[in-house]
Chemist: 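Attaching a single structure in structure tokens format; questions to follow.
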Amino acid sequence: MWQFENERERGRKGDLAPLTYDRKPLLSTELIMPDKKVYIETYGCQMNVADSEVVLSILKEAGYSQSEEINDAGLILINTCSIRDNAEQRIWGRLKAISHLKKKRKDLKIGIIGCMAERLKEKLLETEQLVDIVVGPDAYRELPLLVAEAEAGHKAVNVLLSREETYADISPVRMDRNGVSSFVSIMRGCNNMCAYCVVPYVRGAERSRNPQSIIKEVKELYEMGYREVTLLGQNVDSYKWDNGDSSAGFPELLETVAGISPLMRVRFSTSHPKDISDELLYVIARHRNICKHIHLPAQSGSSRILKLMNREYSREWYLDRVNAIRTIIPECALSTDMITGFCTETEVDQKESLSLMEQVGFDFAYMFKYSERPGTKAARKYKDDVPENIKSERLSEMIALQNKLSSASKKHDVGKNFEVLIEGASKRSEAYLSGRTSQNKVVVFPGENHSKGEYVNVIIERCTSATLLGRIV
Ligand code: SAM
Ligand code: SF4
């Protein structure tokens, strides 16, 4: 184990996680047990959801169980996100809201885990005494010990980052509620040093997980009835396993995972435009069960801003990669992340971002205002000089454009047939089922006698702003 942050500052070329990205930006899960009960709340991206599942597994081994009720738990853990300032502010607000429980129950322990723990370290223990335990993303194995230390009245902190930890041997306790789709983490950390991003600082250097452990986990999920896995990493295209005897890159790993069963859909996130290769695109095209959707964050459409962001590609390179995707996988959906108001961004840069979005015709996008993160290259070297109101205006303009593009993408699907993996009853009515197409679009249709985990063919008859509506054919 290494106190990695300082080492990074000295030795690496550069500087410094959806929701997600996330289908569920905020996930609240709890563990119960007679005297050892843990309640865990997860904020941030899919990686954090996957990490909470690892944490629950470690605590289960130590005798804890899941609680649905915060008031029943002797241990409350908050798995945190540092990606933008508002993510951290939300967590501070939540911490204050739950701190009153400590007044009533002196034995209650509260822990902050994940990215914010890594970024703020002891500060979290010192500030207003709201927190008893602080654990960074590479120290979860120590959690049972740290909880014991906190119970003995000591400060319990471990924020050491590791060059090796991938939690490969740990079978995560599944927190998803549908039992159909799950996340599998294939790597940790990031080596990319995008100028705005705190991830390399709070999650450490990139390391890939042993492919055998990934394949074992996916097989187990299949046997448990899961029918979709999303392979997770900050930059899956740079997955690389090499132990001297065998080696594998992401295309090989993806192909092997897809070979586990034709009934198991495989997704992945996130791809980096500088690294996504034709080899990978051909693997996706070859396998029916590899989903035809690529999340390819552009961040900006201006080559000047991309250079400042240290993204290592230009607008032209990004468009070339999109061309390759359209040629090799014509039915592929594309989504992106975009940032408005990065340092020095002008109206001309903003127009270039909008024109890139229109030119690609993204099916979906996550859009953010730039938020300066302490310690990043942008925070140290550039001025956060776009006023907040301009950042907001540009964001609204971008969201309005993406709403049009998303709507056009759905209208384009009307009249077509899609294979849909059923995830469960629709939110509005038990008589309707909800599922996803390979392109990751949500479809709602009358359920007939079908149930979750099954594949059905659905013809799309109409759409709303968020959903395709159809019937089974
Ligand atoms: N590794 C992925 C990549 O390179 O695209 C994404 C990681 S990050 C968890 C998810 C998204 O948050 C990024 O794609 C970026 O759009 C956004 N993001 C990261 N840092 C940000 C910041 N300082 N301000 C605003 N948005 C940020
Ligand atoms: Fe952050 Fe860039 Fe790494 Fe993504 S690739 S996690 S944006 S540093």
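Order of appearance sets the numbers: ligands from 1, and atoms from 1 within every ligand.
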Chemist: Please walk me through it: do Phe268 and Ile284 pass side-chain contact (heavy atoms from CB on, under 4.5 Å)?
Modeler: CA-CA 11 Å; Phe268 55 89; Ile284 300 169; 3.6 Å; yes

Chemist: Would Ser238 and Glu206 count as having a side-chain donor-acceptor pair, cut-off 3.5 Å?
Modeler: yes

Chemist: Relative to atom 13 (C) of ligand 1, which among Thr336, Thr376, Val236, Asp337 owns the nearest non-hydrogen atom?
Modeler: Asp337

Chemist: What do we get for Gln46 next to ligand 1 when only non-hydrogen atoms under 4.0 Å count, side chain, backbone, both or neither?
Modeler: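 Answer for Gln46: neither.
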
Chemist: Geometry only, no angles: is His272 polar-contacting ligand 1 at N/O separations under 3.5 Å?
Modeler: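 Among all N and O atoms of His272, none is under 3.5 Å from an N or O of ligand 1.
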
Chemist: For ligand 1, note which part of Phe368 has a heavy atom under 4.0 Å away: side chain, backbone, both or neither.
Modeler: side chain

Chemist: Consider every N or O of Ser371 and every N or O of ligand 1, then say whether any pair is closer than 3.5 Å.
Modeler: yes

Chemist: Which atoms of ligand 1 are found less than 4.0 Å from any heavy atom of Ile339?
Modeler: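 Listed by number with element, the hits are 15 (C), 16 (O), 26 (N), 27 (C).
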
Chemist: Before accepting this row, confirm whether a basic side-chain N of the pair Glu220/Arg174 lies closer than 4.0 Å to the acidic partner's carboxylate O.
Modeler: no

Chemist: Quick one: which ligand 2 atoms are inside 4.0 Å of a heavy atom on His272?
Modeler: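 Counting from 1, the qualifying ligand atoms are 5 (S).
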
Chemist: Near atom 1 (Fe) of ligand 2, is there an N/O/S atom from Cys194 that is less than 2.8 Å away?
Modeler: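 For Cys194, the answer is no, given that no N, O or S atom comes within less than 2.8 Å of atom 1 (Fe) of ligand 2.
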
Chemist: Is there a nitrogen or oxygen of Ser271 sitting under 3.5 Å from a nitrogen or oxygen of ligand 1?
Modeler: no

Chemist: Using distance alone, determine whether Gln299 and ligand 1 share an N or O pair under 3.5 Å.
Modeler: yes

Chemist: Would you check the N or O atoms of Tyr196, main chain and side chain alike, for any that come under 3.5 Å of an N or O of ligand 1?
Modeler: yes

Chemist: Would you mind running through ligand 2 and noting each atom that sits below 4.0 Å from a heavy atom of Cys190?
Modeler: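 Matching atoms, with element in brackets: 3 (Fe), 5 (S), 6 (S), 8 (S).
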
Chemist: Less than 4.0 angstrom from a charged side-chain N to a carboxylate O is my criterion; do Lys369 and Glu388 meet it?
Modeler: yes

Chemist: Hey, is Pro200 touching ligand 2 through its side chain, its backbone, both or neither, going by heavy atoms under 4.0 Å?
Modeler: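 The answer is the side chain of Pro200.
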
Chemist: Measuring from the heavy atoms of Lys274, does anything fall under 4.0 Å of ligand 1?
Modeler: no

Chemist: Classify the ring geometry between Tyr313 and His272 as parallel (under 30°), tilted (30 to 60°) or perpendicular (over 60°).
Modeler: perpendicular

Chemist: Nearest heavy atom to atom 6 (S) of ligand 2: which of Glu206, Arg311, Gln234 does it belong to?
Modeler: Gln234

Chemist: Show me which atoms of ligand 2 lie under 4.0 Å from any heavy atom of Cys197.
Modeler: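 The atoms of ligand 2 under 4.0 Å from a heavy atom of Cys197 are 1 (Fe), 6 (S), 7 (S), 8 (S).
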
Chemist: Hey, is Glu352 close enough to Arg304 for a salt bridge, meaning N to O under 4.0 Å?
Modeler: no

Chemist: Should Arg286 and Glu255 count as side-chain neighbours, where that means a heavy-atom distance under 4.5 Å?
Modeler: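 Yes; the side chains approach each other to less than 4.5 Å.
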
Chemist: Do any nitrogen or oxygen atoms of Asn235 lie less than 3.5 angstrom from nitrogen or oxygen atoms of ligand 1?
Modeler: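 N/O-N/O distance below 3.5 Å does not exist for this pair.
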
Chemist: Return the orientation label for the Phe364 and Tyr366 ring planes: parallel under 30°, perpendicular over 60°, tilted otherwise.
Modeler: perpendicular

Chemist: N/O to N/O below 3.5 Å, does that happen between Arg373 and ligand 1?
Modeler: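 The answer is no, given that Arg373 and ligand 1 share no N or O pair closer than 3.5 Å.
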
Chemist: Show which atoms of ligand 1 fall inside a sub-4.0 Å distance from at least one heavy-atom site of Pro297.
Modeler: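 Those of ligand 1 that fall under 4.0 Å from Pro297 are 5 (O).
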
Chemist: Could you tell me whether the side chain of Lys351 reaches within less than 4.5 Å of the side chain of Glu397, counting heavy atoms only?
Modeler: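 Yes - at least one pair of side-chain heavy atoms lies under 4.5 Å apart.
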
Chemist: In plain terms, say whether Lys383 and Glu372 are close enough for a salt bridge, that is, a side-chain N and a carboxylate O under 4.0 Å apart.
Modeler: no

Chemist: Just jot down the ligand 1 atoms closer than 4.0 angstrom to any heavy atom of Arg84, in number order.
Modeler: 12 (O), 17 (C), 18 (N), 24 (N), 25 (C), 26 (N), 27 (C)

Chemist: Answer yes when Arg141 and Glu165 have at least one side-chain N-carboxylate O distance shorter than 4.0 Å, and no when they do not.
Modeler: yes

Chemist: For Lys369 and ligand 1, answer yes if some heavy atom of the residue is under 4.0 Å from a ligand atom, otherwise no.
Modeler: yes

Chemist: Any salt bridge between Asp320 and Arg315, counting N to O under 4.0 Å?
Modeler: no

Chemist: Counting heavy atoms only, which of Leu296, Thr270, Ile83 comes nearest to atom 19 (C) of ligand 1?
Modeler: Ile83

Chemist: So among Ile58, Val55, Leu56, which one has a side-chain contact (heavy atoms from CB on, under 4.5 Å) with Ile170?
Modeler: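 Option passing the side-chain contact (heavy atoms from CB on, under 4.5 Å) with Ile170: Ile58.
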
